[in-house]
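The structure appears below as structure tokens.
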Amino acid sequence: MGNLGEALREELNCESALTIGGIGISESVVVTWIIMAVVLVLSLILTRNLKVEHPGKRQLLLEQAVTSLEGITEGILGPEGKQYAAYLTSVLLYLGIANLIGIFGFKPPTKDMNVTAALAIMSIILIEYAGIHRKGVKRWFKSFAEPIALIAPINVLELVIKPLSLCMRLFGNVLGAFVIMELIEYIVPVGVPVVFSMYFDIFDGLIQAYVFVFLTGLFMKEAME
Amino acid sequence: MLRLDINLLFTIINLLIWYLLIKKFLFKPVNNIIAKREEAIEGRYREAEQAKLEAGQQKEKYEALKNGIQDEKDQVMKKAQEDARAAYQQIVEEANRKAGQIIDDSKKTAELEHTKMVSRAEKEIRSLLFSAASEGMQKEENNSELYDKFLTKAGESEHAES
């Protein structure tokens with residue numbers, strides 16, 4: 001079993017993929033670059049020759065995909081938060097791809113806590129920005145003492161708890177799924193992992209992407225009330 | 001795996017760039033094209049509505065024109081009838097007048113003829129009387145005989161006259 005532990009530790013370590021000027025750039029950042037490049041090229045190819053009339057199958061599929069993704073986030077945010085929908089949609093797309101990229105042999109970027117922490121920090125900034133933008137600074141400060149002043153400390157604590165829970169939920173789920181998949185692959189390398197991969201890599205990955213975006217959107221909506 | 005370092009900052013920068021790229025190169029073109037299509041459909045609906053409206057106006061105009069033609073027709077017919085009636089009246093009056101004139105003329109002619117005849121008869125009677133008188137004076141017959149002779153002569157002359 002010593003072998004298994006060692007192999008796991010090796011897999012779980014986020015190595016610095018390359019070093020530029022003494023700064024170690026982790027694998028997750030590099031994989032994110034790859035995702036960005038691939039999606040950028042794909043969208044450039046797909047959005048070429050878009051037609052107003054008689055769109056082809058490719059265009060219809062693209063339009064359907066984009067509108068349904070935007071529909072998800074717009075549905076969560078409601079009409080007041082429409083200007084934040086584009087960011088949430090882009091995060092949803094990124095997390096979906098990042099969680100699924102394990103299928104192609106990359107290490108999912110979301111397995112690195114730097115990535116989930118970065119996402120959570122951006123989420124809490126956006127949540128509070130939406131609140132301030134909507135209510136004004138004064139009412140935003142007052143909203144900490146709602147519904148009663150007694151729970152103000154808890155509300156302040158939530159500023160930390162919300163992003164921490166977002167960060168850890170995503171990180172833990174992806175890490176857990178990754179560890180389980182590694183264990184299964186270590187024990188039964190053929191056949192069985194495919195079945196479990198369906199759940200842990202594809203289903204769980206997409207669910208976690210949705211949960212992250214859903215919670216961020218929900219918190220934003222709450223902050224804007 | 002459980003460490004936070006400079007890569008967190010890199011990831012934030014990456015995410016911001018990712019957001020901008022996706023927004024500019026994927027969402028914007030697709031949403032643009034959808035908006036354009038909606039606009040085109042809207043435009044087509046408006047055009048159809050406009051065409052319908054124009055057709056309605058045209059129809060009304062033609063309807064009015066048709067009614068105008070009918071009115072004009074009625075007017076012309078009425079005028080023609082009136083003209084015809086007037087002409088008829090005039091012709092009848094003219095005819096009446098002419099007939100009256102003819103009757104008058106013939107009356108006058110008849111009167112003239114009558115006067116002429118009377119004057120001729122008078123002349124004849126006068127000449128008869130004259131001849132009877134002269135005869136009587138010559139033969140010295142009695143008065144009754146003379147009277148009979150006169151009557152016979154007058155009857156003869158009357159016969160010859162007609």
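Heavy atoms only: backbone and side chains are in, while hydrogens, waters and symmetry mates are out. Chain A is the first sequence line, chain B the second, and so forth, proteins listed ahead of strands; every chain is numbered from 1.
L46(A) has its side chain out of reach of L26(B): every pair of non-hydrogen atoms, C-beta onward, lies at least 4.5 Å apart. Residues F25(B) and T47(A) are not in side-chain contact: their nearest non-hydrogen atoms beyond the backbone lie 4.5 Å or more apart. Taking 4.5 Å as the limit, every side-chain heavy atom of M113(A) sits out of range of all side-chain heavy atoms of L8(B). Contact of the V30(B) side chain with the Q59(A) side chain is not registered, since no non-hydrogen atoms from C-beta on lie closer than 4.5 Å.
For D5(B), the parts sitting under 4.5 Å from any heavy atom of chain A are the backbone and the side chain alike. Residue contact with chain A, scored on non-hydrogen atoms closer than 4.5 Å, involves the side chain of I22(B) exclusively. Only the side chain of L40(A) comes within less than 4.5 Å of a heavy atom in chain B; its backbone stays farther off. With a threshold of 4.5 angstrom between heavy atoms, V66(A) approaches chain B through side-chain atoms but not through N, CA, C or O.
Expressed to the nearest 0.5 Å, how far NZ of K36(B) lies from CD of E53(A) amounts to 12.0 Å. Annotation: the span from E63(A) atom CD to I33(B) atom CD1 amounts to 7.5 Å, rounded to 0.5 Å. Note: S90(A) OG to I17(B) CD1 = 12.5 Å, rounded to the nearest 0.5 Å. The distance from the CD1 atom of I121(A) to the CG atom of L9(B) is 9.5 Å, given to the nearest 0.5 Å.
With hydrogens and angles disregarded, a donor-acceptor distance shorter than 3.5 Å links the side chain of R37(B) to the backbone of K51(A). A donor-acceptor contact shorter than 3.5 Å is absent between the side chain of W18(B) and the backbone of M36(A).
Top candidate by heavy-atom pairs under 4.5 Å with chain B, chosen from T67(A), L119(A), L42(A), is L119(A). Highest contact tally toward chain A, considering only L21(B), L15(B), N32(B), is held by L15(B) [criterion: heavy-atom pairs under 4.5 Å]. Between chain B and the residues T116(A), L50(A), I35(A), the most heavy-atom pairs under 4.5 angstrom are made by L50(A).
Enclosure of atom CD in E39(B) is not indicated, since only 12 or fewer non-hydrogen atoms of other residues, nucleotides or ligands lie within 6.0 angstrom. Within 6.0 Å of CD on E72(B) lie no more than 12 heavy atoms contributed by other residues, nucleotides or ligands. Open room surrounds NZ on K23(B); 12 or fewer heavy atoms of other groups in view lie less than 6.0 Å from it.
Partner of Y19(B) under the ring pair (Phe, Tyr, Trp, His ring centres under 6.0 Å) criterion, chosen from Y94(A), Y84(A), Y87(A): Y87(A).
Among all heavy-atom pairs drawn from F10(B) and I25(A), the shortest one is CE1-CG1, 3.7 Å. Across V115(A) and T11(B), no two heavy atoms sit closer than the pair CA-CG2, 3.7 Å. Nearest heavy atom pair, residue S26(A) against residue N7(B), reads N-OD1, 3.0 Å.
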